[in-house]
Amino acid sequence: MGERTNICVIGGGAAGISAASMAKRTNPDATVVICTEFEDVAYSPCGIPYVLGKEIPDFERLFLAGPEQYVEAGVDLRRETAVTAIDRDARTITAGGQTLPWDRLIICTGFNYTLPDVPGNELDGLTYVKNIRRGMELNETLNDVKRAVVLEGTPLGVEMLAALAHRGIETHLVDEGSWLLSQVADPDIAEPVQQSLEGLGCILHFGAGLRGFEGSDGRLRAVATTEGEIEADICIVATHKEPETTLARSIGLKLGSTGGIVVDDRMRTSMEGVYAAGDCVEVPQGLTSVAVQGLTGAHAMQQGRVAGANAGGGDRRYDPVYIPWGMVGGQVQIGGASFGEHLATSLGIPHVVGQANGISRARYYPGVQQVRVKLLAEPGTGRLIGGQLVGGEGVKERADFLAFALKKGATLEDIAWMENVYSPPIGALYEPMSVAAQNGLAQL
Amino acid sequence: MAEHEIPERVREYFGHDKVALFGAGGLPAAPPAPPGSPARRQGEEALRDALSKVGSTEPRPGMRPAATPPRPRLPRRMRAAGERALMERSMRELGGRLGFRPPHPGAGWFWRSVFAPAYRAIPWPVKRRMVAITSGVRRWRT
């Protein structure tokens with residue numbers, strides 16, 4: 001029999017829901033309460049751009065569970081219940097006007113988009129893609145939109161560029177960087193995605209600084225940039241994920257160099273009995289131990305599981321991250337893990353590069369696509385430090401594999417001599433990763 | 001049937017016509033929540049509610065999920081400024097070779113002209129130790 005503890009979870013996103021479920025599973029005798037300010041839980045926010053782009057026919061299928069399922073699991077789910085205060089001494093939270101006791105608290109407050117500190121940032125027409133009901137409302141209004149600006153070529157920005165272009169909207173990207181996804185991707189890897197988006201009709205403005213938002217009658221009219229003014233009915237703000245730490249700061253939790261809550265490998269914060277997970281925390285990158293924040297829904301979910309298990313009395317650890325990532329930009333898949341050449345150059349990490357242009361299936365098999373692979377390794381030892389990929393298919397699995405190989409300390413030699421699946425409809429004789437590693441060995 | 005026309009049953013099953021482009025059959029995954037399920041009911045209720053609020057100015061959660069960050073402490077300010085300068089420098093180098101536009105110069109003079117060149121001159125083993133010491137990461141299995 002488990003300990004009769006009160007476990008409160010603040011936040012109903014990927015981290016919060018998985019934390020609560022895991023806490024209840026670890027300690028069935030615990031009282032587990034989730035408080036979320038929003039109307040819904042257990043849906044896929046990552047699917048919203050694809051409904052907006054009409055690639056997925058409706059929002060309803062993004063829902064994965066109904067509130068009844070949490071009741072059945074013994075979790076007290078309180079929707080539209082904002083937590084307004086935490087009392088660290090009395091060990092209570094104030095939620096929806098009620099005071100709830102906690103023995104273990106799990107903070108999963110997520111993120112907000114960074115609001116550009118420029119004139120006009122309060123105008124109607126600045127639009128955010130995050131919450132499903134607001135996404136449903138946006139979907140209705142998009143029919144009247146003729147011109148849109150997407151601010152920053154982040155992963156969400158790229159998805160929204162394609163979505164708006166699919167809707168026949170004249171879509172511009174404004175980005176201070178030199179190429180798409182420049183916070184993570186290399187220019188030669190991002191280039192096919194840019195070309196694909198331009199093929200869809202998107203107009204990409206790189207190296208363009210944001211000066212402000214111009215409006216009339218309180219409504220957005222144009223986005224002012226260092227390269228000129230772009231008329232727009234809406235601007236999708238797809239900026240950096242700023243960790244939401246208002247409650248964490250109110251009780252003095254330690255924050256790190258990204259602004260996220262500092263946690264250890266059991267997702268414990270600087271205060272005993274308080275855990276945190278998801279976009280509001282920072283965790284170390286595996287190779288450098290540099291703290292990183294604002295990762296993916298998959299990271300949030302796993303962190304939530306670790307926090308929930310430990311809050312429930314278990315003993316789980318979360319490992320430093322190598323951040324496999326991947327997405328579809330236009331009609332091209334792009335992804336990677338750990339460092340690309342751009343990030344390694346920025347940080348001054350010595351590296352050699354092995355590259356290859358391979359194929360996803362046998363050359364003669366219908367639907368064969370090009371897969372470009374770029375691997376980075378430590379000079380001398382050949383130990384992998386990262387890699388990036390772009391192609392028509394097969395990017396996600398290779399990015400996952402790469403992250404696992406990095407975690408296990410694989411070298412170019414290991415990848416060059418790896419075994420691989422060869423079957424004409426699903427894989428070529430020469431695995432592109434292996435060829436890239438062979439080319440990299442020549443650079444050591 | 002045209003070469004890539006998708007049978008209606010497959011389109012309905014997957015809800016995404018791209019899935020079937022390379023051939024129907026195989027092992028279809030479970031479909032999304034079926035009609036009448038709690039998840040589907042929740043989705044339908046959410047949609048009804050959202051549509052009733054289109055154009056409304058009534059405050060509701062998630063309308064403006066954006067914030068200007070609180071004034072950060074010195075370590076965060078230094079990290080953000082340093083990272084920006086280093087990334088701009090790398091963009092100029094790598095992007096310049098491939099004909100990309102230079103980035104918008106957002107890093108201040110000190111970070112661009114003093115910090116970035118000085119950082120580059122430090123050998124990586126020393127930088128690595130500096131990063132490990134200043135990262136703030138403690139109590140992790142690395």
Side-chain angles (χ1 to χ4, degrees), chain A residues 37-40 55-57 59-61 63-69 112-115 117 128 130-134 136-137 140-141 176-179 182 186-188 206-209 226 237 242 256-257 259 262 264-265 284 288-291 317 319-320 341-342 345-350 367, chain B residues 15-16 18 22 32-33 37-44 46-47 49-51 53-55 60-70 72 75-76 79 83 86-87 89-95 98 100-104 106 119-120 122 124 127-128 131-132 135-142:
Chain A
E37 64 183 296
F38 299 105
E39 303 97 325
D40 304 296
E55 288 191 74
I56 298 174
F59 282 100
E60 292 96 305
R61 67 187 67 209
F63 283 79
L64 311 169
E68 303 93 318
Q69 285 156 295
N112 290 303
Y113 293 108
T114 305
L115 184 63
D117 194 10
Y128 307 91
K130 187 165 182 265
N131 173 272
I132 195 160
R133 292 206 193 194
R134 308 296 83 79
M136 291 166 171
E137 293 173 32
E140 294 304 302
T141 58
E176 292 190 338
S178 295
W179 58 82
S182 61
D186 290 346
D188 49 338
F206 291 110
T226 51
V237 179
E242 175 67 24
S257 62
V262 172
D264 68 6
D265 58 2
T288 57
S289 290
V290 170
R317 292 174 118 183
D319 286 334
E341 196 177 6
H342 169 44
T345 303
S346 298
L347 278 173
I349 301 174
Chain B
H16 190 318
K18 277 188 179 170
F22 300 119
S37 65
R40 181 56 71 103
R41 281 202 307 275
Q42 179 64 20
E44 288 163 355
L47 185 63
D49 175 66
L51 294 183
K53 290 175 179 162
V54 174
R60 42 205 188 278
M63 280 181 83
R64 199 175 167 77
T68 307
R76 188 178 181 195
R79 175 174 170 172
E83 268 181 8
L86 294 172
M87 290 186 83
R89 185 180 172 125
S90 168
M91 273 188 241
R92 278 196 198 89
E93 278 182 23
L94 296 181
L98 296 168
F100 286 85
R101 290 194 59 166
H104 175 67
Y119 178 89
R120 178 159 290 195
I122 300 170
W124 172 242
K127 278 190 281 213
R128 188 173 201 161
V131 166
S135 67
V137 170
R138 301 284 181 275
R139 296 186 292 164
W140 279 83
R141 177 171 55 182
T142 54

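What you are looking at is a predicted structure, and each value in this text was computed from that prediction instead of being measured. Below, chains carry the letters A, B, ... as their sequence lines are ordered, and counting in each starts from 1.
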If I compare all heavy atoms of [X] with all of [Y], which pair ends up nearest, and what's the gap?
X         : Y         : answer
Ala39(B)  : Leu64(A)  : CB-C, 3.6 Å
Leu94(B)  : Pro187(A) : CB-CG, 4.1 Å
Trp124(B) : Thr288(A) : CH2-CG2, 4.4 Å

Tell me, side chain or backbone of Thr141(A) under 4.5 Å from chain B's heavy atoms, or both, or neither?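 Looking at Thr141(A), just its side chain touches chain B.
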Counting only non-hydrogen atoms closer than 4.5 Å, does Ile349(A) touch chain B with its backbone (N, CA, C, O), its side chain (CB onward), both, or neither?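 Both parts, heavy atoms under 4.5 Å.
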Partner chain A: residue of [options] with the largest heavy-atom pair count (under 4.5 Å):
options                                 : result
Arg89(B), Arg64(B), Lys53(B), Arg128(B) : Arg64(B)
Ile122(B), Val54(B), Leu51(B)           : Val54(B)
Gly62(B), Gly95(B), Ala67(B)            : Ala67(B)
Pro102(B), Ala33(B), Pro75(B)           : Pro102(B)
Arg92(B), Glu93(B), Lys127(B), Glu83(B) : Lys127(B)

As a quick check of understanding, evaluate side-chain contact (heavy atoms from CB on, under 4.5 Å) for Met91(B) and Ser182(A), giving each step before the final call. CA-CA 8 Å; Met91(B) 273 188 241; Ser182(A) 61; 3.9 Å; yes
Whether Glu242(A) and Arg76(B) form a salt bridge (side-chain N of Lys/Arg under 4.0 Å from carboxylate O of Asp/Glu) is what I want to check.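 Judged by the 4.0 Å cut-off on N to carboxylate O distance, Arg76(B) and Glu242(A) do form a salt bridge.
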Could you tell me whether the side chain of [Y] reaches within less than 4.5 Å of the side chain of [X], counting heavy atoms only?
X         : Y         : result
Pro103(B) : Glu176(A) : no
Trp140(B) : Pro320(A) : yes
Gln42(B)  : Glu68(A)  : no

Heavy-atom pairs under 4.5 Å with chain B, option from His342(A), Met136(A), Glu60(A), Glu37(A) with the top count: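 Greatest number of close heavy-atom pairs with chain B: His342(A).
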Pick from Asp117(A), Thr226(A), Ile132(A) with the largest number of heavy-atom pairs that fall under 4.5 Å of chain B: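 Among the listed options, the one with the most contacts to chain B is Thr226(A).
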Select one option (side chain, backbone, both, neither) describing which atoms of Leu47(B) are under 4.5 Å from chain A's heavy atoms.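 Contact with chain A: backbone and side chain both.
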Please name all residues satisfying salt bridge (Lys or Arg N to Asp or Glu O under 4.0 Å) with Arg134(A), sequence neighbours left out, ordered by chain then number.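 Applying salt bridge (Lys or Arg N to Asp or Glu O under 4.0 Å) to Arg134(A) gives Glu39(A), Glu137(A).
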Is the backbone N or O of Gly348(A) less than 3.5 Å from a side-chain atom of Tyr119(B), with the two atoms forming a donor-acceptor pair by type?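 The answer is no, because no donor-acceptor pair under 3.5 Å joins these two groups.
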What pairs with Ala291(A) under side chain to side chain contact (heavy atoms under 4.5 Å, CB included), at least two apart in sequence or on another chain?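 Side chain to side chain contact (heavy atoms under 4.5 Å, CB included) list for Ala291(A), sorted by chain: Ser257(A), Thr258(A), Glu282(A), Arg79(B), Val137(B).
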What's the separation between atom CG in Asp186(A) and atom OG in Ser90(B), rounded to the nearest 0.5 Å?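 Going from CG on Asp186(A) over to OG on Ser90(B), the span is 8.0 Å.
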NE2 on His104(B) to OG on Ser178(A), rounded to 0.5 Å: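 Rounded to the nearest 0.5 Å, the OG-NE2 separation comes to 12.0 Å.
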If you apply the rule side-chain contact (heavy atoms from CB on, under 4.5 Å), what do you find for Arg40(B) with Arg61(A), and how did you get there? CA-CA 7 Å; Arg40(B) 181 56 71 103; Arg61(A) 67 187 67 209; 4.3 Å; yes
Report the C-alpha distance between Arg120(B) and Thr345(A) in whole Å, list the side-chain angles of each, state the deciding distance to 0.1 Å, and finish with yes or no for side-chain contact (heavy atoms from CB on, under 4.5 Å). CA-CA 9 Å; Arg120(B) 178 159 290 195; Thr345(A) 303; 3.8 Å; yes
Under the side-chain contact (heavy atoms from CB on, under 4.5 Å) rule, what do Met63(B) and Asn131(A) come out as? Steps first, then yes or no, please. CA-CA 8 Å; Met63(B) 280 181 83; Asn131(A) 173 272; over 6 Å; no
